[in-house]
Structure formats: structure tokens, C-alpha cells
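The block underneath contains the structure these notes are about, expressed in C-alpha cells.
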Amino acid sequence: TIDFLEAIMKIFFKGFNYSQDGPGNRLVYHLQGCNMHCPWCSNPEGMSFTGGTEYSTEQIVQECIRSRAMFFSGGGVTFTGGEATLQWEDLLEVLKQLRAANIHTAIETNGTSPHLPEIQKHVDYLMMDFKHYDKEVFRNFTGINIDPLLRNYEYLCGIGRQFHIRIPLINHVNAEDPAKVTVTNDKVVTLTKEKADAAIEAKSADAVETVKVAVKKLDQAQAKGIMH
């Protein structure tokens, strides 16, 4: 059981932006610490588990409530990182309190947390990365195994959870041929099926199976209107 008044979250940056980290105008908290070490990270200061400023969960909730008038155009509060789910117990408590206060919530996550199935129950708008489909490439660039991410994708698709996939487009990592990349209006980048087919021909048998399964699940989810 968490003591709501004593629980502490470490945050290295907070501020407002419009429609970049979820719908509408949002108060965005960048939580300290990440389990990946992507060389292209836009917030490398958030990787380390040391640093950041400590706030009680009560302080965060009260700040969000005071900021309610700023949540126009369907806005609210977003937790990102670093990797927000690494502080999952405190994050979960804050999400519950914000929902009770009728404040829209969102999280941006790399999708690897074993606690994501529980966290997502209390999140209105879920954004997840998919940095690369190839297990070896994924490990080489992020430093961790892709399997927890795939399990969470499978789980979310299985329960019919709507979520927003974000693929950072990194030259010579997952964007060898930019001409075969589609960028949607909200700047979500996805590989075309032509790109996936080319990857299937070039990669190992293990990667082939991973791509085939991923494409099948994405097609099924899109057909059901789960993902966009």
C-alpha cells in the first residue's frame, strides 16, 4: 500500500505543449530514468536513474488539478520520460487520483514494463514505441530484449485496447529507404508493407517469423479499429 502523502516521483522536466504528447493542450511530466539507451534519444538527460527533482504524488496531483483550465481542446496530463513506467507504483496512484478528478491522462512508454497491463487500465490515451522489429537490431540499439514489448503488444491487441503506435524514424536504423516510409498527419511513422516484405527477404529466419507475426497482428488490430 502506498502512502499517498509520502510517495515520491523523480521528474527531470515538466511543462505544457499542444498535441505533441497526446491530444489537446497538455501538462507533460518527464520522469527520470530509462531501461533503454537509444543513441538517438531526444531526452538523454532522462536516461540515468540519478538526478531529477523529487515531487510527492500529492504535489503532482494538486498541480494538475490547479492546471485544469489549461487542458483545452481535449487536453490533460501526460507522463513520459525517460520511461514513466519504471516508477510504476507511484505513477499508478497518480493516474487513479487524476481519473477520480476527471482529468484526461496519457502515457508515452517504450512498452516493455511487466506492469503495463495494470497501468493501462487507468490511462485514457496510451502511446507506445515500436523502435524495430528485428530482435538483434532492437537489442543492439536499446540494450534490452524485445520480448516484453511483444508480449505487451499481443496482450493489448487481445483485449481490444486502443493505443497509438509511434515509430521513431532513424536513418540507417529503421529507415534505410525513406521513400518507402509513410508519415501520417499526426507524424506517426510506420513502415509500409513493401518495406516489411523487403525486410522479410533480407533478415534471418527468426526475424522473418517476428515480422510475419507482427504484420498479422497489426492487420487484425487495424481491421478491428484498435490502432491508428
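As the structure is a prediction and not an experimental result, all values here were calculated from the model.
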Closest contact, heavy atoms only, Met127 versus Ala106 = CE-CB, 3.9 Å
Taking side chain as C-beta onward, heavy atoms only, is Glu83 less than 4.5 Å from Met36?
-> no
Across all chains, not counting sequence neighbours, the salt bridge (Lys or Arg N to Asp or Glu O under 4.0 Å) partners of Lys131 are Asp129
Treat each ILVMFWY residue as a node, draw an edge where side-chain heavy atoms are under 4.5 Å apart, and state whether Val28 and Val61 are in one component.
-> no
Mind listing the closest non-hydrogen atom pair of Thr112 and Pro148 along with its distance?
-> O-CB, 3.4 Å
Asn43 side chain to Gly46 backbone, donor-acceptor under 3.5 Å = no
Salt bridge (charged side-chain N to carboxylate O under 4.0 Å, His left out) partners of residues 43-55, not counting sequence neighbours, each pair once = none
Can you check side-chain contact (heavy atoms from CB on, under 4.5 Å) on Leu156 and Met128, steps first, answer last?
-> CA-CA 11 Å; Leu156 294 170; Met128 288 177 59; 3.2 Å; yes
Pairs touching residues 35-71 that satisfy ring-ring contact (aromatic ring centres under 6.0 Å, His included), sequence neighbours left out | Trp40-Phe141
Test side-chain contact (heavy atoms from CB on, under 4.5 Å) applied to Thr109 and Leu126, step by step = CA-CA 8 Å; Thr109 175; Leu126 177 61; 4.1 Å; yes
Residues at least two apart in sequence or cross-chain that pass side-chain contact (heavy atoms from CB on, under 4.5 Å) with Ala84, listed by chain then number, are Leu31, Phe79, Leu91
Side-chain touch Val173/Pro39, heavy atoms, less than 4.5 angstrom = no
Does a side-chain heavy-atom distance below 4.5 Å link Phe138 with Leu149?
-> yes
For residues 104-118, pull every pair meeting salt bridge (charged side-chain N to carboxylate O under 4.0 Å, His left out), keeping only residues two or more places apart or in separate chains.
-> Glu108-Arg166, Glu118-Lys121
Test side-chain contact (heavy atoms from CB on, under 4.5 Å) on Tyr125 and Thr78 and set out the steps.
-> CA-CA 9 Å; Tyr125 193 83; Thr78 296; over 6 Å; no
Any side-chain heavy atom of Asp147 sitting closer than 4.5 Å to one from Lys135?
-> yes
Which pairs, with at least one residue in residues 15-24 and sequence neighbours excluded, count as a salt bridge (charged side-chain N to carboxylate O under 4.0 Å, His left out)?
-> none
Drop me the distance from Asn17's CG to Asn25's CG, to the nearest 0.5 angstrom.
-> 7.5 Å
Using the test ring pair (Phe, Tyr, Trp, His ring centres under 6.0 Å), find all partners of His115 that sit at least two apart in sequence or belong to another chain.
-> Trp88
In terms of heavy-atom contacts, Arg68 and Asn102 come closest through NH1-O, 3.8 Å
hydrophobic_cluster_shared for Ile144 and Leu86, side chain cutoff 4.5 Å | no
Nearest-0.5 Å distance that lies between atom CG in Leu98 and atom SG in Cys64 = 5.0 Å
How would you list, by chain and number, every residue that makes a side-chain contact (heavy atoms from CB on, under 4.5 Å) with Pro114, sequence neighbours excluded?
-> none
Heavy-atom pair with the smallest gap, counting every atom of Thr142 and Cys38 | CG2-SG, 3.9 Å
Enter the distance from Asn145:CG to Arg151:CZ here, rounded to the nearest 0.5 Å.
-> 7.5 Å
Applying side-chain contact (heavy atoms from CB on, under 4.5 Å), name anything that partners Arg99, two or more places apart in sequence or on another chain.
-> Asp124
Would you sort out whether Asp90 and Ile60 count as a side-chain contact (heavy atoms from CB on, under 4.5 Å), showing the intermediate values?
-> CA-CA 11 Å; Asp90 299 328; Ile60 294 172; over 6 Å; no
Residues forming a ring pair (Phe, Tyr, Trp, His ring centres under 6.0 Å) with His30, sequence neighbours excluded = Phe12, Phe13
Those residues at least two apart in sequence (or on a different chain) that pass salt bridge (Lys or Arg N to Asp or Glu O under 4.0 Å) with Glu63 are Lys14
At their closest point, which heavy atom of Ser113 faces which heavy atom of Asn152, and how far apart are they?
-> O-ND2, 2.9 Å
From the list Asn174, Asn110, Leu150, side chain to side chain contact (heavy atoms under 4.5 Å, CB included) with Phe130 holds only for Leu150
Single-linkage hydrophobic cluster Met47~Ile107, side-chain heavy atoms < 4.5 angstrom | no
Would you give the length of the straight line joining atom CZ of Phe16 to atom CZ of Arg26, rounded to the nearest 0.5 angstrom?
-> 10.5 Å
Are the side chain of Ser56 and the backbone N or O of Gln59 linked by a donor-acceptor pair below 3.5 Å?
-> yes
Among all residues two or more places apart in sequence or in another chain, which pass the salt bridge (Lys or Arg N to Asp or Glu O under 4.0 Å) test with Glu136?
-> none
d(Gln97 CD, Glu93 CD) to nearest 0.5 Å is 5.0 Å
Distance, nearest 0.5 Å, that separates NE2 of His122 from NZ of Lys96 = 4.5 Å
